S.K.: 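Could you have a look at this structure, given as structure tokens, before my questions?
Chain identifiers are assigned alphabetically (A, B, ...) following the order of the sequence lines, protein sequences preceding nucleic acid strands; residue numbering begins at 1 within each chain. Every heavy atom of this structure was used, including side-chain atoms; hydrogens, water molecules and symmetry mates were not. In this text, all values refer to a predicted model and were calculated from it rather than measured experimentally.
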Amino acid sequence: MPELPEVEVVRAGLAPAVTGATVASVTVFDERSLRRHPGPSEDFVARLVGRSFTSAVRRGKFLWLPLAPVSSKTQETRPEPHDSARFAPEAHRSPAFSAAPSEALVVHLGMSGQVLLREPGAPDDALTRIRIELSSPVHGILRMNFADQRVFGSMAIEDLTPTRDGQPGGYAGQLPVVEPVETSPALASRPPRSAPALIPRSVAHIARDPLDPAFDERAFFAALAKRRTGIKRALLDQSLISGIGNIYADEALWAARIHYDQQTGTLSRATARTLLAEVRHVLAKALGEGGTSFDAQYVNVNGASGYFSHSLNAYGQQGKPCPRCGRPIVREQFMNRGSHFCPHCQRLRR
DNA sequence: CCTCACACCTGGGTGC
DNA sequence: TGCACCCAGGTGTGAG
């Protein structure tokens, strides 16, 4: 499931199931899904079996499950706090976390990937490319099926490296609402916890997403001013801003009344701010509705669909009246894909 | 360095 | 029914 809201739905569904769970077995049905893994499938399996996950982290459309360091003494899984009540695990505060994860299972869903949680023995989902059987101290035995029609998605084991800005690598769950009994201004302004400042190698070049508190707005606006390209190209460039795909690009541009090929350098700072606000709004709204799904290809870890497709104003609405002005929405071929917009509300300006 | 076209893939829907 | 053709939510690479 491609864009940020859909990947976040998967991350949130996966987190409670995988956190603290140990990999019992791995079956690779299609090696093409390991395209990004640096090594043969035997290596992928060997590096995963017996390991346990510490959390589920996401930046933009990339998802990763950090692996607890291999203990030379014992394979015993440590008790960990429930995921819904914390950020990613900390590597330094408690003695139990004396060693930070140094590698992670990196998942990208591509155009059609799904991660589905199933009971053991359940019939395999169609197009399952990789099956990972987990043993969870809370949920018992679980299957994590990676299904992918077009095989643009992938799984890989990768090293984790420190983030450039020293901020958390990505989003790993809700911050706990922990109000200090005696609230001092200094304490209140400081986040109660921080995720590890680590990121998989292949994700390091991806910009933070606009829902990340550490997203660098100034750098984003500066990059827009400097670029010589259309605004939609820029929104889809994951090294500038991550998490946006074709649907939410079209939706945010419609909301901000900007033509997809408007040159980035011509946008005023105020217009760029409006656009960023609309991007955040549309992503957050879709997240609240469980993501966008048109068919069974886009589902959460239980196979259920989201509802955001009912809220689309431009994407896929060609021929229908613009919800703002009533004139028909148009679809044009752009970047080898469809661009949906209202020619009246979203005009090219020089 | 920046920008852009293209390759990588399968399966569902549509129209003849 | 069969079949050609079009469509699909993404990313990495390499040419210019």
S.K.: Between C:dG12 atom C1' and A:Arg36 atom CZ, what is the distance in whole Å?
M.R.: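 Whole-Å distance recorded here is 8 Å.
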S.K.: Which pair of non-hydrogen atoms, one from A:Phe44 and one from A:Val26, has the smallest distance, and what is that distance?
M.R.: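 Scanning both residues completely, I find the closest heavy atoms to be CE2-CG1, 3.9 Å.
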S.K.: For B:dC2, take OP1 and OP2 only and decide whether either is under 4.0 Å from a side-chain N or O of A:Arg233.
M.R.: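 Result: no.
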S.K.: Give a yes/no answer on whether the side chain of A:His205 brings an N or O atom under 4.0 Å of OP1 or OP2 in C:dG12.
M.R.: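 Answer yes for this pair, as a side-chain N or O of A:His205 is under 4.0 Å from OP1 or OP2.
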S.K.: From A:Leu236 CG over to A:Tyr260 OH, what is the distance, rounded to the nearest 0.5 angstrom?
M.R.: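 If we round to the nearest 0.5 Å, A:Leu236:CG and A:Tyr260:OH are 12.5 Å apart.
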S.K.: When the distance from CG of A:Leu312 to C1' of C:dG9 is rounded to whole Å, what number comes out?
M.R.: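 Spelled out: CG on A:Leu312 to C1' on C:dG9 is 11 Å.
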S.K.: Rounded to whole Å, how long is the line connecting atom CE of A:Met111 with atom P of C:dG12?
M.R.: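 The answer, rounded to whole Å, is 14 Å.
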S.K.: Apply side-chain contact (heavy atoms from CB on, under 4.5 Å) to residues A:Arg35 and A:Val151 and explain how you reach the verdict.
M.R.: CA-CA 9 Å; A:Arg35 203 185 336 252; A:Val151 209; 4.1 Å; yes
S.K.: Is A:Arg227 near enough to B:dC1 that one of its side-chain N or O atoms lies under 4.0 angstrom from OP1 or OP2?
M.R.: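 Answer is no, no contact under 4.0 Å.
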S.K.: A:Tyr315 side chain N/O closer than 4.0 Å to the phosphate oxygens (OP1, OP2) of C:dG9?
M.R.: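 Looking at the OP1 and OP2 atoms of C:dG9, one of them is under 4.0 Å from a side-chain N or O of A:Tyr315.
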S.K.: So what does the secondary structure string of DNA chain C come out as, 5' to 3', with Watson-Crick or wobble pairs under 3.5 angstrom, [ ] for crossing and | for pairs with another strand?
M.R.: .|||||||.|||||||
S.K.: Could you check how far CE of A:Met335 sits from C1' of B:dC6, rounded to whole Å?
M.R.: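 A:Met335 atom CE is separated from B:dC6 atom C1' by 12 Å.
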S.K.: At a cut-off of 3.5 Å, list every protein nitrogen or oxygen paired with a nitrogen or oxygen from nucleotides 8-10 of chain B, distance to 0.1 Å.
M.R.:
unit_1: B:dC9; atom_1: OP1; unit_2: A:Arg35; atom_2: NH1; d: 3.4
unit_1: B:dC9; atom_1: O3'; unit_2: A:Arg32; atom_2: NH1; d: 3.1
unit_1: B:dC9; atom_1: O2; unit_2: A:Arg150; atom_2: NE; d: 3.2
unit_1: B:dT10; atom_1: OP1; unit_2: A:Arg32; atom_2: NH1; d: 3.0
unit_1: B:dT10; atom_1: O4'; unit_2: A:Gln149; atom_2: O; d: 3.3
unit_1: B:dT10; atom_1: O2; unit_2: A:Gln149; atom_2: OE1; d: 2.6

S.K.: Is the shortest side-chain N/O distance from A:Lys61 to OP1 or OP2 of C:dG9 below 4.0 Å?
M.R.: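 No, no such contact exists.
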S.K.: Round to the nearest Å and state the distance from A:Glu6 atom CD to C:dG10 atom C1'.
M.R.: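 The answer, rounded to whole Å, is 13 Å.
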S.K.: For A:Asn336 and A:Lys226, take the nucleotide of DNA chain B holding the closest heavy atom to each; which residue's nucleotide lies nearer the 5' end?
M.R.: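 Closer to the 5' end of DNA chain B: A:Lys226.
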S.K.: Does the side chain of A:Ser112 get closer than 4.0 angstrom to OP1 or OP2 of C:dG10 through an N or O atom?
M.R.: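 So the side-chain polar atoms of A:Ser112 never come under 4.0 Å of the phosphate oxygens OP1 or OP2 of C:dG10.
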S.K.: Taking the P atom in each of B:dC9 and C:dG14, what is the distance between them to the nearest angstrom?
M.R.: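 The same atom, P, in both gives a distance of 15 Å.
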S.K.: Does A:His108 put a side-chain nitrogen or oxygen below 4.0 Å from OP1 or OP2 of C:dT11?
M.R.: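 The answer is yes; a side-chain N or O of A:His108 sits under 4.0 Å from OP1 or OP2.
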S.K.: Between C:dT11 and B:dC1, how far apart are the P atoms? Round to whole Å, please.
M.R.: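 Comparing P positions in B:dC1 and C:dT11 gives a spacing of 22 Å.
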S.K.: Between A:Arg233 and A:Phe334, is NZ or CZ placed under 6.0 angstrom from the six-membered ring centre and within 45° of the ring axis?
M.R.: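 Yes, A:Arg233 lies over the aromatic ring of A:Phe334.
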S.K.: Step through the shown structure and confirm whether more than 12 heavy atoms of other residues, nucleotides or ligands are within 6.0 Å of CD on A:Glu119.
M.R.: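 No, the 6.0 Å shell around CD holds no more than 12 heavy atoms from other groups.
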S.K.: For the side chain of A:Glu3, counting heavy atoms from C-beta on, which of C:dG10, C:dG12, C:dA8 is nearest?
M.R.: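 For the A:Glu3 side chain, the nearest candidate turns out to be C:dG10.
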S.K.: Send over the distance from A:Gln238 CD to B:dC2 C1', rounded to a whole Å.
M.R.: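 Those two atoms, CD and C1', are 18 Å apart.
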S.K.: Are the side chain of A:Gln262 and the backbone of A:Arg349 linked by a donor-acceptor contact shorter than 3.5 Å?
M.R.: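 A pair under 3.5 Å: yes.
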S.K.: Give A:Arg337 one of three labels, base, sugar-phosphate or nothing, depending on what nucleic acid heavy atoms sit under 4.0 Å from its own.
M.R.: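 Base, at least one base heavy atom under 4.0 Å.
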S.K.: May I ask you to decide if A:Leu211's main-chain N or O and A:Arg280's side chain share a donor-acceptor pair within less than 3.5 Å?
M.R.: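 No.
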S.K.: Please give me the minimum heavy-atom distance between A:Ile329 and A:Cys342, naming the atom from each residue.
M.R.: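 Heavy-atom minimum between the residues: CD1-CB, 3.9 Å.
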S.K.: What's the CG-P distance between A:Asp209 and C:dT11, to the nearest Å?
M.R.: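 Between P of C:dT11 and CG of A:Asp209: 12 Å.
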S.K.: Is it true that a side-chain atom of A:Arg118 and a backbone atom of A:Arg143 form a donor plus acceptor pair closer than 3.5 Å?
M.R.: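 No: the side chain of A:Arg118 does not pair with the backbone of A:Arg143.
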S.K.: Measure from CD on A:Gln333 to P on C:dC6 and round the result to the nearest Å.
M.R.: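 To the nearest whole Å, that distance equals 11 Å.
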S.K.: Please name the pair of heavy atoms, one in A:Phe220 and one in A:Leu240, separated by the smallest distance, quoted to 0.1 Å.
M.R.: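 The pair with the smallest heavy-atom distance is CD1-O, 3.9 Å.
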